[in-house]
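For this chain, numbers begin at 1 and follow the sequence in order.
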Amino acid sequence: MTSTLPAEATEAATGRTTETVPAKIPPAPGRTTGRTTTPGTGPAAGHFGTGGQRPHDKRRLLIRPVVRFRTSRADLFLCAALLLVIMAVQGWNIQHYPTLSDDEGTYLAQAWAVQQGEGLAHYTYWYDHPPLGWIQIAALTWLPSLIAPESMTVGAMRFAMLLVSAASAVLLYVLARRLWLPRWAAGLAMGLFGLSPLSVVLQREIFLDNIAVMWMLLAFCLAASPNRHLWHHFAAGIAAAVGVLTKETMLIVLPAVLVTMWRNGHPDTRKFAVTGAITACAVIGLSYPLFALLKGELLPGDGHVSLWDGVTYQMSRPGSGFVLDPGSGSHDVLRSWLYYDRILLLGGMAGALLLLLTVRWSVTARALAGPALAVAILTAVAMRPSGYLPAMYVIQGLPFLALMLAGGAASFSHALLRRGRGPDEPRGLTAVRWTAVVALVAASAAYVAPRWYDGNRTALTADANAPYRAAASWMATEVPDPAGTRVLVDDAMWLDLVHAGYRPGLGAIWFYKADLDPAVTKTMPGGWRDIDYVVASPTVRRDARDLPRVRDALNHSEAVAVFGDGEDRIEIRRITDVEGGER
């Protein structure tokens, strides 16, 4: 079923459609009208030529320009050019910067387990996140892992994230055009999203958030589809559900998708569209608890994990404090974001505020109401006084922040160039308008360019992962019997050791499991004495204070090799006996 507008005229040469939507102007008293017309028809263009209607019965028409992306050469060329630049910047030096993280290693190790048919995780799957995210990572890394199994490591597999970044960048451009932004503003949004130092660093990493953002952008694009097919709205619900099942925190963005759908849907089918999208989203989303129910793991019980326990754990994680409190962990996270790029973060939030405040008067603000609401919700959640704020949280807001900054620029430029401008405006005043625009663009470029250059230069040249590579090489070549050796290691290096011959799970042991997984702890009756080595990365040293077995292993070991220096160093420590001698 398709809902159509009262009139449509397609210009095939430009790939644009002009949709005419009758404005809601009441008819003259005592008369009823139900007719619409297309400009250019009837006895006089813009007038009703049937029914003998008087001039005061005419309806004002709102012209909505809609881009048919696939047939617009200018849009295709601009999007392709920007995409090449974004992929070059994000792909260059991707294995070496930023520093490998334990979260990346965990998601990739779980994807490896899926590929190997070992289950949903490399250890007991305990419903910490829905598994759909790393199932997608498994699909993305399937071919390279099949051709070169030893390449299934975090640094090498980061290249798979380029596909996700490319898809997200293109979807953002399409969304910007569907939400009425001019071509230059859509290109600006795409460039901000793909080239900001904050984006370059975080989009390189193997995070579920990056994949979830891709699906949510697809949901927004379908919700804003100019065709207004009902199946687009159903598909938007499905895409949104996949985004939530990829990273459950995307659930808070769903109201923004519905707002976009409501504003872009046809009045005659709007309720059906929104109802269908909600139904499709709910049906797909409920597959996760249904999966747990069928496995008998929905509710807590003896001898098994449960979805309820996983959700309870996530909801009860210790808060990192108020984001504006200088002594809180959340504030440190905010400072790290601002270190890479304060322009996108602060400018995007300011743009969202501007658009929300002017939604009653600005066409751009009304068109971008959904993404602006997404920024507002994400900001409100981040500002919770006792909430937990992870470093990758900002990934979920990056496309919407870029869209807000571009939308704010488009709205401001329109006000500067068009507001109050008549056909008889003096040329001098027009020149003043354009001079002001050029000056603002030049000032913005002068402020942004050096800061982005410094941030991206680090990402393109620094080698933060040399200690990891050196430590992995040492463990592969200097330990005489990898298959019979037990090592505590973080997940960033776990797959490196597996490929070097260490037994997955009980030989190469993800260090958390030495204390938290009964399936592992029961194989360690002697505690730290059953361990041979500890690869003490910054993550292991930081979290060992809350893990007794890991802490004891560090205390009863000595460094036999150290790579790097300072807080970022990686120590390979051999377990010693109580008296300090070698075992």
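When all heavy atoms are compared, the tightest approach of Ala273 to His233 is CB-ND1, 2.8 Å. Contact record, Leu171 with Leu218: CD1-N, 3.9 Å, taken as the closest heavy-atom pair. Across Ala156 and Ser151, no two heavy atoms sit closer than the pair CB-O, 3.3 Å. Nearest approach of Gly407 to Leu181, heavy atoms of both residues: CA-CD2, 3.9 Å. Across His129 and Tyr107, no two heavy atoms sit closer than the pair NE2-OH, 3.9 Å. The shortest heavy-atom contact between Ser199 and Gln90 is O-NE2, 4.4 Å.
In this structure, Cys221 SG and Arg178 CZ are separated by 6.0 Å, a value rounded to the nearest 0.5 Å. Taken from OG in Ser72 to CZ in Phe77, the straight-line distance is 12.5 Å, to the nearest 0.5 Å. Here Leu403 contributes atom CG and Leu192 contributes atom CG; the two are 10.0 Å apart, rounded to the nearest 0.5 Å.
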For this session: Decide yes or no on side-chain contact (heavy atoms from CB on, under 4.5 Å) for Lys247 and Phe207, but give the supporting numbers first.
Result: CA-CA 9 Å; Lys247 188 63 180 290; Phe207 288 148; over 6 Å; no
For this session: Begin with the C-alpha distance, continue with both residues' side-chain angles, and end with the deciding distance and a verdict on side-chain contact (heavy atoms from CB on, under 4.5 Å) for Met404 and Leu401.
Result: CA-CA 5 Å; Met404 292 301 97; Leu401 290 168; 5.7 Å; no
Problem set entry | Intermediate values then yes/no, side-chain contact (heavy atoms from CB on, under 4.5 Å), Tyr340 and Leu202 | CA-CA 10 Å; Tyr340 284 109; Leu202 291 176; over 6 Å; no
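Salt bridge status for Arg469 with Asp463: present, with a side-chain N to carboxylate O gap under 4.0 Å. For the pair Arg451 and Asp341, the salt-bridge criterion is not met [side-chain N within less than 4.0 Å of a carboxylate O].
When side chains are defined from C-beta on, Met161 does not count as touching Gln203, because their heavy atoms never get closer than 4.5 Å. The shortest distance between side-chain heavy atoms of Thr260 and Pro371 falls below 4.5 Å. Contact of the Arg541 side chain with the Arg569 side chain is registered, since non-hydrogen atoms from C-beta on lie closer than 4.5 Å. Between Leu163 and Met214 there is no side-chain heavy-atom pair separated by less than 4.5 Å.
Applying the ring-ring contact (aromatic ring centres under 6.0 Å, His included) rule to His331 yields no partners; only residues at least two apart in sequence or on another chain are considered. By the ring-ring contact (aromatic ring centres under 6.0 Å, His included) test, Tyr393 pairs with no residue at all, sequence neighbours left out.
The cationic atom of Arg335 (NZ for Lys, CZ for Arg) does not lie both less than 6.0 Å from the six-membered ring centre of Tyr339 and within 45° of the ring axis.
Taking the six-membered ring for Trp and the full ring otherwise, the centers of Phe220 and Phe400 sit less than 6.0 Å from each other.
Atom CH2 of Trp92 has 12 or fewer heavy atoms from other residues, nucleotides or ligands within 6.0 Å.
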